[in-house]
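Presented below is the structure to which this report refers.
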Amino acid sequence: MAAMLLMSGPAPCDAAGTPDELIALPIVSVVLPDGDAQSTPPPGQDTVAPTPPAPQTAPPAPQATSGATEPAPQESAPEDEIVVSARPRPPREDPLQEVNLKTYAVVQTADKLVVAPAAKAYSKILPSFLRAGLRHFFNNLNEPVVFLNFLLQHKIGKAFETVGRFGINSTLGVAGVVDVAKKKPFKLPKRRNSFANTLGFYGVKPGPFLFLPLVGPTTVRDLVGLSVDKLLLPSTVGKPFNRVWYTLPATIIGTLDDRVQFADKLQSFRDSPDPYAASRASYLQSRQAEIDALHVHGHHKRKPEAESDTPATPPPSDGAK
């Protein structure tokens, strides 16, 4: 009985451990005797001696042929690309961003739970003309601060206009409840000014941006200026500006009134992709615009500080000053 033997040498393996090709060696035909046959073959029959196997050598490296395709190499990211998941550096004007973000979150929570509902109730209880009267009353009490800062900025004309506004509204305007001075025949517009503006006028930089409870968005320069403005009347005039029964209601009313006026603006910040960054950018840009307006001479350009009775910048997110 003849048997066909197929001998193969070891083949190179791919990454999965399977041979890429099979290397065939010569086929050897061997005549095996039957179990009952004698040891010598019958006459006339030749015995084919088995061909000795070829010596095994190291298999050649597989070469690509026209009919075979090599497996595509697995895609991998370039070695020189590094994915960084850390938080980006805070902007130059806000080096304390991490702390400010935490304060901002707390203030937003307090606004949603307390300030916003209180402001909504305030707007429903008091009609608009009463709210405007209270706003004019407190603005009129701030006119001496505006007057002093215009003097410090060498703007004598605006300083005397502020004195005129204060005198007219304090008398004809019933202690400032009605803004008579801005109407004909006086036409004295309300202007804002502060010691923070005076510092900026003389080149003092704003310093790091801050977001503080009860203050909201501010800078180091503006925080110092606000403190000086708040202490001016209590330290020079005294009563009632240094009494709690005046300062507490004045602060609460001012907070609620500001929250009502700037509800739409604050909501636009919250609807933006980054509410904190939008609030910061709006505050810093508007403050810089007020400082720049102090260096504008002549009447051919608009003066942002005289456009309206309300400040150009939104109040803090909790409405506090």
Side-chain angles (χ1 to χ4, degrees), residues 90-97 99-100 103-104 107 138-163 165-166 189-237 241-242 247 250-251 254-255 258 262 279-298 301-321:
R92 183 178 58 181
E93 68 274 10
D94 191 5
L96 302 176
Q97 178 177 254
V99 178
N100 290 333
T103 306
Y104 179 80
V107 171
F138 290 114
N139 286 340
N140 189 62
L141 293 177
N142 194 55
E143 296 288 15
V145 176
V146 176
F147 162 76
L148 178 61
N149 281 286
F150 274 134
L151 285 182
L152 294 175
Q153 297 159 12
H154 310 292
K155 299 184 179 299
I156 307 302
K158 292 182 179 179
F160 280 105
E161 286 182 358
T162 304
V163 172
R165 275 185 53 85
F166 180 72
K190 179 190 180 301
R191 293 187 173 91
R192 297 182 313 277
N193 210 339
S194 66
F195 190 67
N197 286 2
T198 300
L199 293 176
F201 178 79
Y202 285 102
V204 178
K205 300 299 181 182
F209 177 80
L210 303 172
F211 202 99
L212 304 176
L214 304 179
V215 176
T218 186
T219 61
V220 173
R221 180 195 63 198
D222 292 353
L223 184 61
V224 173
L226 177 65
S227 301
V228 173
D229 292 339
K230 294 296 184 183
L231 292 175
L232 183 61
L233 291 179
S235 60
T236 57
V237 179
F241 303 105
N242 58 358
T247 57
T251 301
T255 297
D258 285 344
F262 291 100
S279 176
R280 178 184 62 199
S282 176
Y283 179 83
L284 294 178
Q285 290 172 6
S286 58
R287 288 294 295 123
Q288 187 60 47
E290 290 185 4
I291 301 299
D292 294 341
L294 296 174
H295 296 278
V296 176
H297 300 284
K301 294 184 179 181
R302 291 172 56 187
K303 306 294 191 301
E305 74 273 18
E307 289 181 7
S308 65
D309 290 342
T310 57
T313 58
S317 297
D318 60 352
K321 289 279 187 181

Does any non-hydrogen side-chain atom of [Y] lie less than 4.5 Å from one of [X]?
X: N140; Y: F166; result: yes
X: L232; Y: F195; result: no
X: T219; Y: L284; result: yes
X: V204; Y: V224; result: no

What distance separates [X] [atom1] from [Y] [atom2], expressed to the nearest 0.5 Å?
X: L152; Y: F147; atom1: CG; atom2: CZ; result: 9.5 Å
X: T198; Y: N193; atom1: OG1; atom2: CG; result: 5.5 Å
X: N142; Y: K230; atom1: CG; atom2: NZ; result: 7.0 Å
X: F150; Y: E161; atom1: CZ; atom2: CD; result: 8.5 Å

For the pair H295 and F201, name the ring-plane relationship: parallel under 30°, tilted 30 to 60°, perpendicular over 60°. parallel
For A196, is there any backbone N or O sitting under 3.5 Å from a side-chain donor or acceptor partner on D222? no
So, the side chain of K190 versus the backbone of R165: is there a donor-acceptor pair under 3.5 Å, distance only? no
Verify whether one side chain among N149 and Q153 offers a donor that lies under 3.5 Å from an acceptor in the other. no
Which heavy atom in [X] sits nearest to a heavy atom in [Y], and how many Å separate them?
X: S286; Y: S282; value: OG-O, 2.9 Å
X: S194; Y: D229; value: CB-OD2, 3.1 Å
X: L141; Y: L233; value: O-CD1, 3.3 Å
X: P217; Y: F211; value: CD-CE1, 3.7 Å
X: P213; Y: T103; value: CD-CG2, 3.4 Å

Show your reasoning for whether salt bridge (charged side-chain N to carboxylate O under 4.0 Å, His left out) applies to R287 and E290. CA-CA 5 Å; R287 288 294 295 123; E290 290 185 4; 2.8 Å; yes
Pairs flagged by side chain to side chain donor-acceptor pair (under 3.5 Å) wherever residues 200-218 is involved - sequence neighbours left out: H154-Y202
Taking atom CZ of F138 as the centre, report whether more than 12 heavy atoms of other residues, nucleotides or ligands fall under 6.0 Å from it. yes
If the condition is salt bridge (Lys or Arg N to Asp or Glu O under 4.0 Å), which residues does R221 pass it with, not counting sequence neighbours? none
With sequence neighbours left out, write down each residue that passes salt bridge (Lys or Arg N to Asp or Glu O under 4.0 Å) with D94, or none if nothing qualifies. R280
